[in-house]
Amino acid sequence: MKIKPLLNCWPALAALALSACAANPVYPPDWADSAITPQQAAAAPEQAGNARVIWGGRILGVENKPGHTEVEVLAYPLDKDQKPVQNDVGEGRFLALLPGYVEPLDYPVSARVTMQGRIQGMRSGRVGQAPYVFPLLEVRAAHVWSREDMQRRSNVHFGVGVGIGIR
């Protein structure tokens, strides 16, 4: 057996191994044409326009209306897999507009969600007694994360060398 052909293959093998560890976003990241947050959109609605965004966060409530459903979401930044990462203050709130009737059990309060859609304006409302401006997101697609998805971590860790940990 010749060693030299195997040595010529190592860059391809390394690339293959690293691609197995790559992020698996729910939606194509290049689909979004804006990185504006809901908080920034509410503060500058003229800049938010009709922007395509990928937003996520924690579901605060679901309300079925005639012809559509509104899901109130407290926005959080997204990680490389587009999972919402809870932080201390969030990135504002938004109302996700989904066509037709949505079963509230499929969008449970406190679940994490990632949504792809277009900003369709703003709506004045209230959070408690405080006035609030909600960006309206016309949802193209939505992904509700399970508890298992949110707790799942990669079993591949890098340090001095490469190792695979089993939990």
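None of the values given here were measured: they were computed from a predicted structure. These values consider heavy atoms only, across backbone and side chains, with no hydrogens, waters or symmetry-generated copies.
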Can you hop from Met115 to Ile119 via hydrophobic side chains spaced under 4.5 Å? yes

Go through the steps to decide whether Val144 and Asp106 satisfy the test side-chain contact (heavy atoms from CB on, under 4.5 Å), and finish with yes or no. CA-CA 8 Å; Val144 178; Asp106 293 336; over 6 Å; no

Looking only at heavy atoms, what is the nearest atom pair of Arg126 and Pro131, with distance? NH1-N, 3.4 Å

Measure the shortest side-chain to side-chain distance between Glu91 and Pro77 over non-hydrogen atoms and say whether it is less than 4.5 angstrom. yes

With clusters defined by side-chain heavy atoms of hydrophobic residues (ILVMFWY) lying less than 4.5 Å apart, directly or transitively, does Val26 cluster with Val102? no

Main-chain N/O of Ser110 paired with Arg58 side-chain donor or acceptor, under 3.5 Å: yes

If only atom types and distance count, is the side chain of Asp81 paired as donor or acceptor with the main-chain N or O of Asn24 below 3.5 Å? yes

Minimum heavy-atom distance Gln82-Pro25, with the two atoms named: CD-CB, 3.5 Å

Any non-hydrogen side-chain atom of Pro84 less than 4.5 Å from a side-chain atom of Val113? no

Does the side chain of Gln116 come under 3.5 Å of the side chain of Arg52 through a donor N or O and an acceptor N or O? no

Is the shortest side-chain heavy-atom distance between Phe94 and Leu136 below 4.5 Å? no

Atom CG in Leu137, atom CD1 in Ile54: separation rounded to 0.5 Å? 10.5 Å

Any donor and acceptor pair, going by atom type alone, linking the side chain of Arg118 with main-chain N or O of Glu138 inside 3.5 Å? no

Do Val53 and Phe134 belong to the same hydrophobic cluster, where Ile, Leu, Val, Met, Phe, Trp and Tyr are linked whenever their side-chain heavy atoms lie under 4.5 Å apart, directly or via other members? no

Does CD belonging to Gln129 count more than 12 external heavy atoms closer than 6.0 Å? no

Between Lys65 and Glu63, does at least one N-O distance fall below 4.0 Å, as a salt bridge requires? yes

Nearest heavy atoms of Pro38 and Ala75, plus distance in Å: CG-CB, 3.6 Å

Would Glu70 and Arg123 pass as an ion pair if we require N to O under 4.0 Å? yes

Any donor-acceptor N/O pair, Thr69 side chain to Gly100 backbone, under 3.5 Å: yes

Apply the test side-chain contact (heavy atoms from CB on, under 4.5 Å) to residues Leu97 and Val139: give CA-CA distance (whole Å), side-chain angles for both, the deciding distance (0.1 Å), then the verdict. CA-CA 6 Å; Leu97 309 176; Val139 176; 5.7 Å; no

For Pro108 against Leu105, the heavy-atom pair lying closest together: CD-O, 3.5 Å

Between Glu72 (side chain) and Arg93 (backbone), is there a donor-acceptor pair under 3.5 Å? no

Side-chain (Gln47) to main-chain (Ala44) donor-acceptor, under 3.5 angstrom: no

Any non-hydrogen side-chain atom of Pro99 less than 4.5 Å from a side-chain atom of His68? no

How many angstroms lie between atom OH of Tyr27 and atom CZ of Arg140, to the nearest 0.5 angstrom? 9.5 Å

Starting from Leu95, can I reach Val127 by hopping between I/L/V/M/F/W/Y residues whose side chains sit under 4.5 Å apart? yes

Answer yes if Leu60 and Leu98 sit in the same cluster of Ile, Leu, Val, Met, Phe, Trp and Tyr residues linked by side chain heavy atoms under 4.5 Å apart, and no otherwise. no

Give me the one residue out of Trp55, Tyr76, Trp145 that meets side chain to side chain donor-acceptor pair (under 3.5 Å) with Thr114. Trp145

